[in-house]
Protein chains: 2
Amino acid sequence: MRLRDETKEQAIREQAMKMIVREGFDGLSMQKLAKAAGVSPATIYIYFKDREDLIRQIYYEEMQMMSQETLRGFDPAMHFDEGLRVQWMNRANYCMKYPLRMHFMEQMRHSPFHEKFQTDAQNPFSVAMKVFVMNAIQRNELVKLPVEVYWSVAYAPLYQLIKFQQSEQGMPGWGKFVLDEKVLEQTLSLVLKALKP
Amino acid sequence: MRLRDETKEQAIREQAMKMIVREGFDGLSMQKLAKAAGVSPATIYIYFKDREDLIRQIYYEEMQMMSQETLRGFDPAMHFDEGLRVQWMNRANYCMKYPLRMHFMEQMRHSPFHEKFQTDAQNPFSVAMKVFVMNAIQRNELVKLPVEVYWSVAYAPLYQLIKFQQSEQGMPGWGKFVLDEKVLEQTLSLVLKALKP
DNA sequence: CAAAAATAAACGAACGTTCTTTTATTTAAA
DNA sequence: TTTAAATAAAAGAACGTTCGTTTATTTTTG
């Protein structure tokens, strides 16, 4: 029996992300993907049931990787300031390290696939976040508010900064924008100011 | 000479947005669109040069409408608190009134089309925003910071709230989320707290 | 009746997927 | 140790369908 060449699967995943980021879901065709990955179209169907399964599998794996990196060095029992900072820096680092993956996820999150591929609420990431927020509120390190409000104030600004950085230009007419340590710290401190009692 | 039936063009635009919102750019085919709009495929090409032009035109028109609604009752000379509140409420109202349009724009903004269809920095909206921010900083009603940081803290949380609302469910595992006046005010006050000196 | 709007039908190209064949590797009888 | 059966990976070519777009024609109306 012939063994699977795992580099082929990885090439398929990588090229698929590239195509989606560059041309959108429109631009992802199985035949073009096969060519880009240096593989026969039929080979893709050994690893993935169909086109949607391909997208779904990549999404789930990337989701898991990102969650894992986001939780690195994080403990739900942490003081709110510290916990939020750890998560910000983890996310920012991940984005700098893997811009393609981040870009892919960003596009995923705002497509109809996102609702189609709902993740369950029992995954480690959701659980950790839930505990973290409840702890912080109980200890009076965080103002009491609905999770959605918390999430919107705590992380949406970060993702917007990352989007500015990705697009290689910030607001139209204000010149180039670079997301460096200083800007990150500045924004985080504003967010903390908003959320702390 | 026969006159154009403007309802046809409107039907095409409307159905195109619906298809894109429901199935993504993948799901927008000219033949399906023609059928949905009750029109012949060839008719679409009377109003739009090609598929990309169709998307571009819809995008530009929606962009313009949204900008216009966002600036309703707004004056760049306003006090920062008031100006920001007006914009928040305008955006929120627009989203409640036209969820389809908002959803379409949200999807647009995070697709490769967004970078392809760059808008110029001289449009009334960008200009008004620029003046507003510079005024507020000069009057010491707003902390001094890069525009991108301002934008991220001031509006990203609002758009995230709207996204939660659109998805008909907030964070996984926390029950349903509704974006009402109270939540909006609460979040806005947090944002103001962050941005005011 | 002139002219533009609107259509039905059709074009070649590209789509997702599958069918058939070949290739590589393991297994085990000789 | 040799060799051939067995099996899954991988490939290439092709399937029928749908794609975006155009052409030829009809319909509508100033």
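What you see below is based on every heavy atom in this structure, not just the backbone, and it leaves out hydrogens, waters and symmetry mates. Quick note on labels: first sequence line is chain A, next is B, and so on, each numbered from 1.
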query = D:dA10, D:dG20, C:dT17: which one has an atom nearest the side-chain heavy atoms of A:Q31?
reply = C:dT17
remark   = In whole angstroms, the gap separating P of C:dA6 from CD1 of B:I44 amounts to 12 Å
inquiry  = Any base atoms under 4.0 Å from A:L3, or only sugar-phosphate, or nothing? Heavy atoms, all strands.
reply    = sugar-phosphate
query = Nearest of D:dG12, D:dA10, D:dT21 to any side-chain atom of A:I46?
reply = D:dA10
Can you check nucleotides 25-27 of chain D for protein contacts, nitrogen or oxygen pairs under 3.5 Å, and list what you find?
from   : atom 1 : to   : atom 2 : distance (Å)
D:dT27 : O2     : B:R2 : NH1    : 3.2

A:Q160 (side chain) donor-acceptor with B:A156 (main chain) under 3.5 angstrom = no
ask   = So, the side chain of A:T187 versus the backbone of A:V183: is there a donor-acceptor pair under 3.5 Å, distance only?
value = yes
ask   = Is the shortest side-chain N/O distance from B:T43 to OP1 or OP2 of C:dT7 below 4.0 Å?
value = yes
note = From CD1 of B:I12 across to P of C:dA6 the rounded distance in Å is 9 Å
Phosphate-side-chain proximity, A:S29 and C:dG16, N/O vs OP1/OP2 below 4.0 Å = yes
inquiry  = Judged by each residue's nearest nucleotide on DNA chain C, which is more toward the 5′ side, A:G27 or A:A42?
reply    = A:G27
Residues A:R85 and A:E82 bridged, charged N to O under 4.0 Å = no
request  = Nearest whole angstrom, please: distance from the P of C:dA6 to the CD of B:E9.
outcome  = 10 Å
ask   = If you look at every strand shown and take non-hydrogen atoms under 4.0 Å, does B:L28 touch a base, only sugar-phosphate, or nothing?
value = sugar-phosphate
request  = Would you mind telling me which of D:dA11, D:dT21, C:dT17 lies closest to the side-chain atoms of B:R51?
outcome  = D:dT21
message = Under a 3.5 Å distance rule, please check whether A:W88 uses its side chain to pair with a backbone N or O of A:A154 as donor and acceptor.
response = yes
query = Can you tell me if the side-chain N/O atoms of B:K32 get under 4.0 Å from OP1 or OP2 in D:dG20?
reply = no
task = Please list, chain by chain and in numerical order, all residues satisfying side chain to side chain contact (heavy atoms under 4.5 Å, CB included) with B:S167, sequence neighbours excluded.
result = A:E115, B:Q169
ask   = What do you reckon, are the aromatic ring centroids of B:Y59 and B:F104 less than 6.0 Å apart?
value = no
For atom OH of A:Y45 and atom P of D:dC15, their distance in whole Å = 17 Å
inquiry  = Can you tell me if A:Y47 touches the phosphate of D:dA10, counting only side-chain N or O atoms and a distance under 4.0 Å to OP1 or OP2?
reply    = yes
